[in-house]
Structure formats: structure tokens, C-alpha cells
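In what follows, a structure is listed as C-alpha cells, so that the remarks can point back to it.
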Amino acid sequence: MQRELTPLQRIATDFGESRLALAGLALLVLVVLAASFAPLISPQDPYDLAQLDVLDSRLPPGSTSVSGLTFWLGSDGQGRDILSGIFYGLRISLMVGAASTLCALVIGLAMGLAAAYFGGRTDGVIMRLVDIQLSFPSILIALVLLAVLGQGTGKTIFALVMVQWAYYARTVRATAIVERAKEYIEAARCLALSPARIVFRHLLPNCLPPLIVIATVQVAAAVALEATLSYLGIGVPITEPSLGLLIKNGFDYMLSGKYWISFFPGIALVLTIVSINLVADQLRDVLNPRLQK
Amino acid sequence: MPAFIIRRLLQSVLVLGFMSLLVFVGVYAIGNPVDILINPQADQADIARAIAALGLDKPLWEQYLIFLRQALSGDLGKSFAYDIPAIQLILERMPATLELALTATAVAVLLGIPLGLWAGLAPDSWPAKLIMTGSILGFSLPTFWVGLMLIMLFAVEFGWLPSGGRGPTTALFGVQVSFLGWEGIRHLILPAVNLALFKLSLIIRLTRAGTREALLQDYVKFARAKGLSNARVVGVHVLKNIMIPIVTVIGLEFGSVIAFAIVTESIFAWPGMGKLIIDSINVLDRPVIVAYLLIIVSVFILINLAVDIVYSVLDPRVRLGAQAR
């Protein structure tokens, strides 16, 4: 008889069935590694002014700098290596995306569980808030907050959290209400377990699969929204250039034919977003209990 | 029914009140209102006079009431950059944004419905797969990046279309519009396509799903059994029935087209409200920022209210759901 697989093994096997998803995962791992080890693998520290030379500015891809360095993807207006800039920019983009998603997940989870568990007036107030929030487009909420608060990495993360939490709250509430009515919760109640134990040990783990899928999609959405806000000049500050800001910096040069300053950071951004989406797509299929064999 | 509308109205007033408080706190309490409301180039005597005139020596709650009263009477200060009332400035830019948003919606509908029908009628053919892959990309790629690529290809590389601006406009019933002249249309193409992409993907998916569902219905089988031509079955029987959700979504999403116009206008230097707000944030033209935020949020509250009311009239279940809660 075949050995029983642990849930994690089953998920891994199912995930591997799609080659496209595996390619997405491989790409995502590469992107995360590049961001994590940016200081080690970058040919140049783009924020160390001593390493920059004005003579190197706006060189096309493949040219050699004054100090003998090869700019594989060209250099920008200050003589920075685009490739190094992308590695460092990825760090900020991914950090902002992941941090905001995590905070929003925790807040949304708490709100959604509270709404589902207590019901009544609590549920009414929280869900009204969620409805109002979801009736405004994400970019508008972020714009209002950043216009009032001003630019900054922390403020950008805050704005992204405010944009995202409602999605989680709604999903958690819907899942939790279905789960709450099932026998295992009733059994836990009959055992006279404390409400906290029932919520965190019994209800929460069973609400997680749809949340994981949404969280993955939302990381990609957060990275894209952060890039958009930074491109508009209201996101992260110029001292911490994310991919969106790198693209913005190259925009004026692009009109005069020097495409690489904007183009390559844009490709890095798109590859990041597409790889996250590919992984999320397959996760949705794997974690959906209705599709399980 | 009246109870439902009254409750929605109260809720809208609450949201608007909260927004005005947020903007007030952000602009008056956190920032220094002297910097914000008085032109930095004014001299000392002017500043002192303005502080007294604006009532900045009064307690905060009283200042908030004054701010509200002035906002309600349409006085939100003068723009530093343009030296005309902020509200007037925004209203002047509104037609450009509306023209762009309407054109983008038209592009999304005129391309989206035929493409969605095609993908729904022959779901296994390669054009259908191509269309669906394209719609996934339309959903996931950031709008501003697609806009840059459009400029790079069609404006810089091929030089077919202008990279930005609105071009010459023509007056139509007193409103300046671009679409009446060839030069204006050339300026309109890239921004409209860019803004349309997201909605286009949405409409393609809706149309495809609706078509696939409708093809299995009895009335389609019956129409075919009557020997009607394929064009008539698809064009009349299928299309008519899938239009209801599509029209709803187009209406609902119009607000978000206006919101996302902020991005498209900034990329293509389209002189609408969206570019104005980003420019104003960058030069700290705060009266314009305050006016824009209050106006755009009011517009959204009105759209949402109208949608809710129309829905409750069309679909009694919405009202029942609200009562049961």
C-alpha cells in the first residue's frame, strides 16, 4: 500500500504538476535571492558616491566604465550601473510589498475573525467599514493618504496596508462563518475549550488556505501599486529608490532614445510581478479543496 | 425603500465628514497651516493679516467648523502656482479627464466585446488562447509600465504618434475636446489605449464567461433548431442576454477609470485633473490638493450612492439583504 503523504508533500507534488508554475517559482526564487544578496552580487554599490564617475553617465548596455567595469545593462544619468541599481531596487520593492502584505494580513485576519466570531453589532460595523473601503479604487485610497501624510517608505507601507486589509477581512469572515458551523467546532465547544483556543487552534488553521492564495496575489499587487506610486513621485523617497523610482528617473532619457535607464528596471518589475502571479495561480488550484482528487 | 435610501445617505454623509476631518487634520494639524494656506512669498504684514483672517488663532474645533463652512460655500483657497481659486482650476481640468475616461471606456467596450465573444465561441482555438493570455497580462502588468512601453514603441521607436500632451482642441458646446480633429485624435490614441487595457481585460473575461454560459441555454439551442443563421443566434440571442452584467460593470467601473486616469495622465502629460493633483503634490500646492481630494471623494460617494439606489430599485434582494443584516 502506498505511504500516506503529509499535507505539505501533497501540496508540493500537486504544485510540481504545472511546468509554468515551476518556472515561475524558479524565477521568483532568483528574484528573491538577487534582492537578498544585492550587496554581494552587485558589480558596484550604486549609492556610494566615491564609486561613481560623471564620465560614465548614460552609457549604453555593454560599455566599459572609466574604472574598467562593464555596464551590462548600461548606466544612468549619474553614472550608476543599472544592473546594480536593479538589485538594490528589488530589495526595496520586495520589502515594501512583503511588509505591507504581512501587516494587512494580520489586521484583516483579526478583523475578519472578530466579525465572524462575535457576529451582531461587531460584525455589522466591521463589514460596513470593509464595504466602504472596497467601494473606492485602491489607487485613490493610497493617493489620499500619501497626499495628506507626505512621501516616505513607512508611509507607503501604511498606505498599502490601508488599501489591502479589507480584502483579507472579507475573505476570512466568509470562510470563518462557513467553518464555524461545522462539527469540529461544535465538538470543540462541547469539550468546553476556551473561545481563544477554539478561534486560534481550530478555526484559524482552517481559514488559512484561501488566505495564502490571496496574500500571494496581493504581494504582486502591492509591488505593482508601490511602483506606480513611486513612479508618480508620491511613494518611496529618492534616497531609497525602488524599481518604480528607477523607472521614473529614466523616463526623460527614454524620450531621447536612451531606453535602457527605464527599460531594464521595468523588465525586472514585470518579471517579479509575473512570477509571483504564476505561483499564486498554481497555489489557488492546489489549495482549492473542491479540485482535490 | 425610503428607509434604505435614507440610511445610505446618512452613511455617505458620515464618510464625507470623516474625509474632511482626515484632510483637515492632515493639512491643518500635522502640517503648519501658515505654510499651507498662505503664499510663502507673502511678506510679514501680509502673513499676520492672513493668520487673523483665517482664524488660525482660534481653537482647533472652531477652525474645523470654519474650514467646513468655507468648503461648503466652495472656497478652498487660491492655488499658489496658478493664482486662481483651486476649485475653478480643478473644474477647468475636468473635461480633459472625462474625455480620456470616456474614450478609454469606449475602446474597452468596442474591442472587449468582440474579442470576448470570439474567445467564448471557440474556446479551444489558438486566437482564443492568445486573447485570454493577453487579458491575464492586462490584469497583472502595471498600467504605468505598459504606458511607457507604448511611448517607447509608437512615439520614440516608430515615431507614429506623439508621446504626450493633448494637441489642439476644438470647442464643442463651450467645452474643449480633442476628438474632433485628426491631430487631437492622434494625441488621444496612446493614453486612451493605455487607460483602457485593464477594463478591456475585464470585459473580455466577462463576455467570454457569459457567452460560454449562454451557448448551453435552451433558448440558444431552440434558436439553432429553428434554423436561424449563426450570426443571428450570436448577434441577437447570445449578445442580448450577456449585455446586462457587462453594462452593469461598465457603469460601476467608470469611477475607477477616472481614478486610474491619474497614472495615465501623468505618463502622457495629459492636462487633466489627475496630472494636476500629482503636479500639485510635487510642488506642494496645498489648496489644490485639499480641493482635489474633497472633490474626488465627493464624486465617488455620489457614484456609489447612485449605484446603490439604482440597484435597490432594480433588484429587491439588495434591500432584503440590507434589512436582514
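If you're wondering where the values come from, they're calculated on a predicted model, not measured in any experiment. Hydrogens, waters and symmetry mates are skipped; everything else that's a heavy atom, side chains included, is used. Each chain gets a letter, A, B and so on, in the order its sequence line appears, and its residues count up from 1.
- In this structure, CG in A:Leu140 is found 10.5 Å from CD1 in B:Ile258, a value given to the nearest 0.5 Å.
- Contact annotation for B:Ile277: only side-chain heavy atoms (C-beta onward) come within less than 4.5 Å of a heavy atom of chain A.
- Of the atoms belonging to B:Phe139, not a single heavy atom falls under 4.5 Å from chain A.
- Contact annotation for residues 261-271 of chain A against chain B (heavy-atom separation below 4.5 Å, listed by residue number): A:Phe263, A:Gly266, A:Ile267, A:Leu269, A:Val270.
- Contact annotation for A:Val274: only side-chain heavy atoms (C-beta onward) come within less than 4.5 Å of a heavy atom of chain B.
- Of the two parts of A:Ala147, the backbone and the side chain both hold a non-hydrogen atom closer than 4.5 Å to a non-hydrogen atom of chain B.
- A distance of 7.0 Å separates CD1 of A:Ile273 from CG of B:Leu141, quoted to the nearest 0.5 Å.
- With a threshold of 4.5 angstrom between heavy atoms, B:Val15 approaches chain A through side-chain atoms but not through N, CA, C or O.
- Considering OH of A:Tyr231 and OG1 of B:Thr143, their distance stands at 12.0 Å, rounded to 0.5 Å.
- With a threshold of 4.5 angstrom between heavy atoms, B:Gln11 approaches chain A through side-chain atoms but not through N, CA, C or O.
- Distance CG/A:Asn277 to CD1/B:Ile136: 9.0 Å, rounded to 0.5 Å.
- Contacts of A:Ile132 with chain B are made by side-chain atoms alone, with heavy-atom separations under 4.5 Å and no backbone atom involved.
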